[in-house]
J.: 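Sharing a structure below in structure tokens format, with a few things to ask.
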Amino acid sequence: MSAVSPLDLVIAAVREVAATEVMPRFLRVGGSRKEDGTLFTEADLETQRALVERLPRIVDCPVLGEEMTSEAQEALWKANDRIWVIDPIDGTTNFVHGLPYFAISVALMERGRPLLAVIYNPVADEMFTAQVGKGAHLNGQPLPLKKHVPLMPEAIAGVEVKWLGGKLPQRLAALPPFGSQRNFGASTLDWCYLAAGRFDIYVHGGQRLWDYAAGCLILAEAGGQMTSLYHNDFWADKVWQRSVIAALNPGLFGQWTKWVKHNL
């Protein structure tokens, strides 16, 4: 009998934690504000606690979670070549207000790059997964789900204008090169929707480590491409506030990247 893979063990752990710590609190908890103004709940804290307990049993390395202090996060990041990076609930505002677009995100990273990724939306029961060199999947089905590539004027764009500076937000509003845009409030799932072909292109002005750690691997393993607003190499941008320009299709990626950088 073959041994159970680390990915399968992470999937099982995330499902268990979602069932015991997240969904019983959905629509039942209120939120509090951290010092930086972001929202958190009892569900975020208990989910992080459960994952910090379980993940090192799968691969023995520390866990860096969103709900830790920034000092603890930076210390863990600097001291460890291999580390788990988690967002216990991405989309906490959605979670608190009953909007079913939130996820648990888990990435195993080595020397700053993701090796394994799991992002789970428990309301939709959608488990997005990826491993380096082994493709990306949604509930076991290879990504992308959609093969049709639209022309840029017909493309669906995932756009987070909150973190975009300069003239780009105004240009996106007044002269968008795409057909329509969406922003559902959970960056980890945005990556997955792009990898699945539900979005065609994507831009975000500054994601935290746990926002992109798992999602960028899922997109890359689905065949997508990414860069940042101010660097050709996505990984050259800041660890703690990394911008992204991305697309699933190489042709759209080239057009989209050129347009965004021209309109910064």
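Along the sequence shown, residues carry numbers from 1. Fair warning: this is a prediction, and the values are worked out from it, not measured in the lab.
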J.: Regarding Asp190 and Tyr101, do their side chains bring together a donor and an acceptor under 3.5 Å, going by distance alone?
T.: yes
J.: Could you label the plane-to-plane angle of the Phe199 and Tyr202 rings as parallel, tilted or perpendicular, counting under 30° as parallel and over 60° as perpendicular?
T.: parallel
J.: Do Phe253 and Val244 share a hydrophobic cluster, counting only Ile, Leu, Val, Met, Phe, Trp and Tyr and linking them when any side-chain heavy atoms are less than 4.5 Å apart?
T.: no
J.: Does Glu42 pair with Arg25 as a salt bridge, N-O distance under 4.0 Å?
T.: yes
J.: Hey, can you tell me if Trp235 and Tyr212 have their rings parallel, tilted or perpendicular (30° and 60° cut-offs)?
T.: perpendicular
J.: Show the nearest heavy-atom pair for residues Ser243 and Gly205, with the distance to one decimal.
T.: CB-O, 3.4 Å
J.: For side-chain contact (heavy atoms from CB on, under 4.5 Å), just list the numbers for Trp84 and Leu116, CA-CA rounded to whole Å, side-chain angles, deciding distance to a tenth of an Å, and then say yes or no.
T.: CA-CA 10 Å; Trp84 293 103; Leu116 175 155; 4.3 Å; yes
J.: Give the minimum heavy-atom separation between Met109 and Ala213, together with the two atoms involved.
T.: SD-CB, 3.7 Å
J.: Is a side-chain donor-acceptor pair under 3.5 Å present for Thr92 with Asp44?
T.: yes
J.: Using the side-chain contact (heavy atoms from CB on, under 4.5 Å) rule, take Ile218 and Trp191 through it: C-alpha gap first, then chi angles, then the decisive distance, then the call.
T.: CA-CA 7 Å; Ile218 291 171; Trp191 286 98; 5.9 Å; no
J.: Find out whether Leu248 and Lys146 are in side-chain contact, i.e. whether some heavy atom of one side chain is under 4.5 Å from a heavy atom of the other.
T.: no
J.: Could you walk me through whether Glu46 and Val17 pass the side-chain contact (heavy atoms from CB on, under 4.5 Å) test, one step at a time?
T.: CA-CA 9 Å; Glu46 289 305 309; Val17 171; over 6 Å; no
J.: With distance as the sole test, does Glu110 use its side chain to make a donor-acceptor pair with the main-chain N or O of Ile83 at under 3.5 Å?
T.: no
J.: Rounded to the nearest 0.5 Å, how far does CD1 of Ile104 lie from CD of Gln48?
T.: 11.5 Å
J.: Are any non-hydrogen side-chain atoms of Glu67 and Pro88 less than 4.5 angstrom apart?
T.: yes
J.: Tell me whether Leu145 is reachable from Tyr120 by hopping between hydrophobic residues (I, L, V, M, F, W, Y) whose side-chain heavy atoms are closer than 4.5 Å.
T.: yes
J.: List the steps and the verdict of side-chain contact (heavy atoms from CB on, under 4.5 Å) for Leu115 and Arg82.
T.: CA-CA 10 Å; Leu115 302 175; Arg82 180 175 284 196; 4.1 Å; yes
J.: Would you check if the side chain of Arg54 reaches a backbone N or O of Ala50 as a donor-acceptor pair within less than 3.5 Å?
T.: yes
J.: Counting only N and O atoms by type, is there a donor-acceptor contact under 3.5 Å from the side chain of His97 to the main-chain atoms of Thr93?
T.: yes
J.: If you group Ile, Leu, Val, Met, Phe, Trp and Tyr whenever their side-chain heavy atoms sit less than 4.5 Å apart, what else falls in with Met152?
T.: Val149, Val159, Val161, Leu164, Leu168, Leu172, Phe178, Ile201, Val203, Leu229, Tyr230, Ile245, Leu252, Trp256, Trp259, Val260, Leu264
J.: For the residue pair Leu108 and Cys61, establish whether any side-chain heavy-atom pair is separated by less than 4.5 Å.
T.: yes
J.: Can you tell me how far apart CG (Asn183) and CD (Glu160) are? Round to the nearest 0.5 Å.
T.: 4.5 Å
J.: Evaluate the side-chain proximity of Lys261 to Thr227: yes if any heavy-atom separation is below 4.5 Å, no if none is.
T.: yes
J.: What's the shortest heavy-atom distance between Ile119 and Ala103, and which atoms?
T.: CG2-CB, 3.8 Å
J.: For residues 126-134, which side-chain N or O atoms pair as donor and acceptor with protein atoms under 3.5 Å away, sequence neighbours left out?
T.:
{"residue": "Glu126", "atom": "OE1", "partner": "Arg198", "partner atom": "NH1", "Å": "3.0"}
{"residue": "Glu126", "atom": "OE2", "partner": "Arg198", "partner atom": "NH2", "Å": "2.8"}

J.: Between Thr41 and Phe95, is there a side-chain heavy-atom distance shorter than 4.5 Å?
T.: yes
J.: Is there side-chain contact between Ser187 and His204, with heavy atoms separated by less than 4.5 Å?
T.: yes
J.: A side-chain contact here means heavy atoms from C-beta on lying under 4.5 Å apart; do Val123 and Phe102 qualify?
T.: yes
J.: Would the number of heavy atoms belonging to other residues, nucleotides or ligands and lying under 6.0 Å from CG of Asn232 be above 12?
T.: no
J.: Taking atom CH2 of Trp240 as the centre, report whether more than 12 heavy atoms of other residues, nucleotides or ligands fall under 6.0 Å from it.
T.: yes
J.: Does a donor on one side chain and an acceptor on the other come within less than 3.5 Å for Thr188 and Asp90?
T.: yes
